[in-house]
Amino acid sequence: MQALRVERLSSDLSGVTLTDVPTPERRAGEVRVAVRAASLNYPDLLMTRGEYQFRPEVPFTSGLEFAGEVLEADPGSDFAPGDRVMGGNKTGAFAAQACVPAERLSPMPAGLDFPAAAAMGAAYSTAFTGLVELADLSEGQWVLVHGASGGVGLAACDLARALGARVIATTGSPDKAERIAALARPEAVIAAEGRFREQVADLTGGHLADIVFDPVGGDVFDESTRCVAFGGKLVVVGFTSGRIADISTNIPLIKGFSIVGLRAGEYARRFPEQGRAINRAIAKLAEAGAITPAIDRILPLSRWREGFDAMARRELVGKVVFQPG
Ligand SMILES: NC(=O)c1ccc[n+]([C@@H]2O[C@H](COP(=O)([O-])OP(=O)(O)OC[C@H]3O[C@@H](n4cnc5c(N)ncnc54)[C@H](OP(=O)(O)O)[C@@H]3O)[C@@H](O)[C@H]2O)c1
């Protein structure tokens, strides 16, 4: 079968190649899935470089999430051939077939096609875990979402708005502002450059943000510490800026806010009941039409390089979805 293999770690994708590999063995407890669509996440890019916290041994098949149809499962398992499922297991999604533990899969929400389901999974569970589970989002709160053109950022805007929050989206790429506004429908899109606290203060009538959702880090994190309301939460999601910020602990003390570290995948692994509840809550919102994943482009897996390059060059507004040939 065709699979996108990371043969060696490289900074320029030169160690990545689309090639034929034997279909994976299915072990007891695993489900074999025919992958119909698989979406690209920032950690996939980082893993080709060996820069992600999870470092699989090379060679490995890239891709942390997919949607597809069950081909084979243990008798008596929750899944049967023909079921439409979504999920993933850190690697292995960018291939014609994947074998993953049954607990890493969930049924596809009714009404979603394969690309939408593949685009929804990790982005929305990350957004839900951060905003709802860890930051206790409630209706009417002000939420400041950074990196809003990204898969996770757009999901956070969409979810927060669907749950009744007032969303301010930020982007480091002002040319993307119109597309972010059309897709995420926040109250405002502002540039995350230099000092943006005054704009947040103006938009919120001096209240500032109850929740800051930050996949960017670096200077954006530093300025965010000036944008959190008293009693608010600053959720650390990632470091796409390339810099992990330092903070003096007197700042959250004086300003009375909390810094919350998010690891959505690990949260679901450690608390499987909550993980399943998160997936059900997201599916319910999707089935009601309250949330819709934003897809920048759908590509055949043979054009994988175009998708990875666009993410590395920061050209995307929404997700890249690959379809194996
Ligand atoms: N904590 C968790 O559990 C968890 C789970 C999943 C993903 N993540 C993390 O969340 C982050 C976003 O992932 P994603 O899949 O949404 O990625 P993505 O689609 O590529 O989005 C990343 C966004 O970050 C912004 N950005 C700011 N500075 C950047 C830079 N120097 N280079 C590239 N992008 C930059 C860009 O938005 P603008 O151009 O609009 O500024 C970009 O669209 C990553 O750090 C990822 O590792 C964390």
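In listed order, ligands and their atoms are each counted from 1.
In terms of polar-atom proximity, G172 is counted as a contact of ligand 1, with an N or O under 3.5 Å from an N or O of the ligand. The shortest N or O to N or O distance between L40 and ligand 1 is not below 3.5 Å. Between T170 and ligand 1, no N or O atom pair is found at a separation short of 3.5 Å. Considering both main-chain and side-chain atoms, T240 comes within under 3.5 Å of ligand 1 through a nitrogen or oxygen pair. The shortest N or O to N or O distance between L262 and ligand 1 is under 3.5 Å. Polar contact with ligand 1: present for V152 (N/O pair, distance under 3.5 Å). For ligand 1, one of its N or O atoms has an N or O atom of G151 under 3.5 Å away. The distance criterion of under 3.5 Å between nitrogen or oxygen atoms is met by T171 with respect to ligand 1.
Under the 4.0 Å criterion applied to side-chain N and carboxylate O atoms, E287 and K284 are not assigned as salt-bridge partners. For D296 and K176, the salt-bridge test fails: no basic side-chain N is under 4.0 Å from an acidic carboxylate O. Taking a cutoff of 4.0 Å between a charged side-chain nitrogen and a carboxylate oxygen, R36 and E69 qualify as a salt bridge.
Of the candidates A123, P43, S149, the one placing a heavy atom closest to atom 38 (P) of ligand 1 is S149. The nearest non-hydrogen atom to atom 33 (C) of ligand 1, considering only R314, E266, K319, comes from R314.
Near N41, with a cut-off below 4.0 Å to any heavy atom, the atoms of ligand 1 are 15 (O). Taking a cut-off of under 4.0 Å to the non-hydrogen atoms of F239, the atoms of ligand 1 that pass are 45 (O). In the vicinity of R263, heavy-atom distances shorter than 4.0 Å reach the ligand 1 atoms 3 (O).
Nearest to atom 8 (N) of ligand 1 among the protein's heavy atoms is V237 O, 3.8 Å. Closest to atom 15 (O) of ligand 1, if we only count protein heavy atoms, is Y42 N, 3.0 Å. Here the heavy atom of the protein found nearest to atom 6 (C) of ligand 1 is T126 OG1, 3.5 Å. Protein heavy atom at the shortest distance from atom 21 (O) of ligand 1 is G150 CA, 3.1 Å. The nearest protein atom to atom 3 (O) of ligand 1, hydrogens excluded, is given as A264 N, 2.8 Å; this is a heavy-atom distance. Annotation: atom 39 (O) of ligand 1 to nearest protein heavy atom, S173 OG, 2.6 Å.
Residue E7 qualifies as enclosed at atom CD: its count of foreign heavy atoms under 6.0 Å is above 12. The number of heavy-atom neighbours closer than 6.0 Å to CG of D12, taken from other residues, nucleotides and ligands shown, is above 12. Residue-environment remark: CD (Q53) exceeds the threshold of 12 foreign heavy atoms within 6.0 Å.
When each of N89, N279, D78, V33 is paired with L105, the side chain to side chain contact (heavy atoms under 4.5 Å, CB included) condition holds for V33 and for no other. Among the candidates T61, D20, T19, the single residue satisfying the side-chain hydrogen bond (donor to acceptor under 3.5 Å, both in side chains) test with R5 is T61.
A310 and L316 get closest at one heavy-atom pair: CB-CD2, 3.7 Å. For the residue pair F196 and E223, the shortest heavy atom distance occurs at N-OE2, 2.9 Å.
Looking at K176 against ligand 1, only its side chain comes within 4.0 Å, counting heavy atoms.
In this structure, V228 is not a member of the same hydrophobic cluster as L134, with clusters built from ILVMFWY side-chain heavy atoms closer than 4.5 Å.
Ring geometry for F322 versus F308: interplanar angle under 30°, hence parallel rather than tilted (30 to 60°).
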